[in-house]
2 protein chains.
Amino acid sequence: MRHLTTFRYIDAVVKAGSIRGAAESLAITSTALNRRILAIEDELGVPIFERLPHGVRLSSAGELLIHHIRNQMSDMERVRSQIADLSGVRRGHVSIACSQALLPYFLPMEISLYRKEHPNVTFGVHVRDREAAERALVDHTADIAIVFEPVRLADFMTLMRVFQPVHAVMGHGHPLASKEVLRLSDCLSYPVALPTAPYGVRHLIDMAMLTAAARVEPVIESDSFEFLRNHAVAENILTFQIPIGLSEQTSTGDLVARPLDRRDVPAGVLYMGQLKGRTLPVAAARFAAQLSASMAAKFEVS
Amino acid sequence: MRHLTTFRYIDAVVKAGSIRGAAESLAITSTALNRRILAIEDELGVPIFERLPHGVRLSSAGELLIHHIRNQMSDMERVRSQIADLSGVRRGHVSIACSQALLPYFLPMEISLYRKEHPNVTFGVHVRDREAAERALVDHTADIAIVFEPVRLADFMTLMRVFQPVHAVMGHGHPLASKEVLRLSDCLSYPVALPTAPYGVRHLIDMAMLTAAARVEPVIESDSFEFLRNHAVAENILTFQIPIGLSEQTSTGDLVARPLDRRDVPAGVLYMGQLKGRTLPVAAARFAAQLSASMAAKFEVS
DNA sequence: CAGGCCGCTGCAAAAAATGCAGCAGCAGGA
DNA sequence: TCCTGCTGCTGCATTTTTTGCAGCGGCCTG
């Protein structure tokens, strides 16, 4: 949209931290960009950026403005998609910030299902930890966030919440593979691989260890769930995962997943939500509705 | 703001109902205006206006867009005023849609009080009946609406609500002037002047008459409260008014105001509010806060 | 102290918006 | 029935705005 050019430019400058840098990413001259900024500062009567030796930084007036700009841009996007909607075709773009656990099965399935109905809708999937996901909502980088055990929920509006009991994941031939439900104490006798990040699954396990006054030294630590899963098969050791990260046919494949007894490790909660106070574009809203339904069907609603 | 020019133009076309008409009011050629509209329709891929033999009308896509446009314009205004705010001077404009009863004393007092603190804030006061007031909020013609006994409240967010018991107003020498509280039956023996409009005070009186199975034939009908008040003195007849339309020193002047017994005529409710979901500009928000305080101090909160 | 990065400005070229004149289409009145 | 008056729209010349190029001075870093 032409009339938003200046706004897009400003947004780029904020992101780049310098006019020249932004100009390059926008494929225009720094002159043009600089002039637009001077022009809008002239209109507002106040500088939007503080000039630093190595670039620019938002002034407090700029903070106010960039907030408006981002609202404006995503709102325009929503209107465009509503307009496209009533002319028949459902178009649009849905941007999702989510934890790793959504990547292997859940999101691919849901997205392909949605795109079967609406092939003109495009998707962006960004792996973010819990705080970054919320930040992505705030700066409109993402429409929807799906996070496990979020910390602060200031700007987050929950759309759906399901329990995710921690599962132990292991290779087919592991001694524990035969039991239906595992106690935490069962696991302690075997080598385990754990995610590094001090939140999510790792956090729940750590807390459980604390209350059980037990200790576990992970043989392997990784920030990639995919690696942990693969390694569990390769070396035949234990790792932990939440069910949304596991295929429904897991038990028939190479992997076996067994829930931990909820007396030992309480079930985590997976949150799906959007930015508080924002009206989502049609496509994003519909997809969120689909996710809600699907999560509610597959898991226990919290 | 330059980047909103197209939006301002579109808004003008919507208001004027024709491109040429809007062009004239905008002091540009119809050519330029026409081209801008074609351009944005091209960008959206959908016509914004239906072309009629005698002008244009919004298409359904246009309805969506104009809504967005008005939100954007007033939101930009708010940001501007916030920015102006942090540079020291409080500037801004507050637009009020209200019933006649606010005109004689209440609003002039409140506005002058506010302007004593913030001389750079300007005001617009528009007399609107209840429906028109709500419409003014929706199309952002007004920031604040103050209405008596509003009908539907779909887009109206109430900020303050006070009881306004109906008062009988009469000249100093009227026989009823000596009583402190009047029964409706007291009034029926004397000639009365009533407002025409079938809402507000008139509505309450009519309803009371209905339940009392009584009838009153007004000697004078007028849609101007000011006229009714003046005429009450001139001819020494009764009329009715709500307290916010009466000076606090009424009883010491030419006029005497006496409340009607609330068993006969229930007290009406005066609503002050804004458009639901909108963030008011700083100046309007502060003024609304002052109004709230003042109304709460003077009247019984509903 | 030189090199590199920064934001900013004068001037000319390119691009966009505007105005002028004139077109066709439709409605209502003589 | 034609005619007048209104509508939105288009080709072309003009004006205004935006952009790019080159170069300036300032600041930090190595």
Side-chain angles (χ1 to χ4, degrees), chain A residues 1-63 65-66 69 72-73 76 83, chain B residues 1-63 65-66 69 72-73 76 83:
Chain A
M1 300 252 49
R2 292 199 49 70
H3 69 276
L4 287 178
T5 322
T6 306
F7 281 1
R8 282 205 328 273
Y9 285 4
I10 294 177
D11 189 48
V13 172
V14 173
K15 288 203 167 88
S18 88
I19 296 184
R20 284 184 127 107
E24 192 168 356
S25 76
L26 290 168
I28 53 166
T29 353
S30 71
T31 322
L33 186 46
N34 180 36
R35 288 222 163 86
R36 285 196 110 106
I37 290 168
L38 291 176
I40 196 173
E41 290 184 330
D42 190 55
E43 278 189 88
L44 291 174
V46 180
I48 297 307
F49 291 104
E50 294 172 22
R51 271 66 171 181
L52 306 174
H54 281 288
V56 293
R57 189 178 55 194
L58 280 174
S59 68
S60 45
E63 296 278 359
L65 185 67
I66 193 66
I69 285 178
Q72 160 92 326
M73 291 202 302
M76 187 69 226
I83 286 177
Chain B
M1 301 255 44
R2 294 195 51 72
H3 68 276
L4 287 177
T5 323
T6 306
F7 281 1
R8 285 207 324 275
Y9 286 4
I10 294 176
D11 189 48
V13 172
V14 173
K15 288 204 166 87
S18 89
I19 296 183
R20 286 185 127 108
E24 193 168 357
S25 76
L26 290 168
I28 54 168
T29 0
S30 72
T31 322
L33 187 46
N34 180 36
R35 287 223 165 85
R36 285 196 110 107
I37 290 168
L38 291 177
I40 195 171
E41 290 184 331
D42 190 53
E43 278 190 88
L44 291 173
V46 180
I48 298 306
F49 291 104
E50 294 172 22
R51 273 65 171 180
L52 307 174
H54 281 286
V56 292
R57 189 177 55 193
L58 281 174
S59 68
S60 45
E63 296 279 359
L65 185 67
I66 193 66
I69 286 178
Q72 282 318 322
M73 292 202 303
M76 187 69 228
I83 287 178

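First the proteins, then the strands, lettered A, B, ... as listed; each starts at 1.
Atom CG of Leu38(A) is separated from atom C1' of dG7(C) by 9 Å (rounded to the nearest Å). One interatomic measurement links the two molecules: CG of Leu52(B) to P of dC26(C), which rounds to 12 Å at whole-angstrom precision. Rounding to whole angstrom units, CD1 of residue Ile37(A) and C1' of dT18(D) are separated by 15 Å. What separates CG of Leu33(A) from C1' of dT9(C) is a distance of 15 Å, to the nearest Å. In this structure, Glu50(A) places its CD atom 15 Å from C1' of dC6(C), rounding to the nearest Å. Rounding to whole angstrom units, OH of residue Tyr9(A) and C1' of dT19(D) are separated by 9 Å. Look at CD1 on Ile48(A): it is 16 Å from C1' on dG7(C), rounded to the nearest Å. Rounded to a whole Å, the CZ atom of Arg2(B) is 13 Å from the P atom of dT16(D).
Ranked by how close their nearest DNA chain D nucleotide is to the 5' end, Thr5(A) and Pro53(B) are led by Pro53(B). Comparing Ala27(B) and Ser30(A) by the nucleotide of DNA chain C that holds the closest heavy atom to each, the one mapping nearer the 5' end is Ser30(A).
Between the side chain of Glu41(A) and the backbone N or O of Ile48(A) there is at least one donor-acceptor pair closer than 3.5 Å.
At a cut-off of 3.5 angstrom, counting only N and O atoms as typed in the model, there is no donor on one side facing an acceptor on the other between the side-chain of Arg35(B) and the base of dG8(D). Judged by atom type and distance alone, Thr31(B) reaches the base of dC20(C) through a side-chain donor-acceptor pair under 3.5 Å.
In this structure, the nucleotide among dT10(D), dG19(C), dG7(C) sitting nearest to the side chain of Ala32(B) is dG19(C). Distance from the side chain of His54(B) is smallest to dA27(C) among dC28(D), dG8(D), dA27(C). Comparing atom distances between the Arg20(A) side chain and each of dG7(C), dT9(C), dC28(D) picks out dG7(C) as nearest.
As judged by a 4.0 angstrom heavy-atom cut-off over every strand, Arg51(B) is placed among residues touching the sugar-phosphate backbone only. Residue Ile28(B) is classed as a sugar-phosphate contact, given heavy-atom separations below 4.0 Å to backbone atoms only. Across all strands shown, Ser18(B) has heavy atoms under 4.0 Å from sugar-phosphate atoms exclusively, and none from any base.
Applying the 4.0 Å criterion to OP1 and OP2 of dT19(D), one finds that Arg36(A) has a side-chain N or O inside that range. Note on Asn34(B): every side-chain N or O is 4.0 Å or more away from OP1 and OP2 of dG8(D).
Here Ile66(A) contributes atom CD1 and Leu58(A) contributes atom CG; the two are 6.0 Å apart, rounded to the nearest 0.5 Å. Separation of atoms CE (Met73(A)) and CG (Asp11(A)) is listed at 4.0 Å; rounding is to 0.5 Å. The CZ atom of Arg36(A) sits 4.0 Å away from atom OG1 of Thr6(A), with the distance rounded to the nearest 0.5 Å. A distance of 11.5 Å separates CG of Leu33(A) from OG1 of Thr5(A), quoted to the nearest 0.5 Å.
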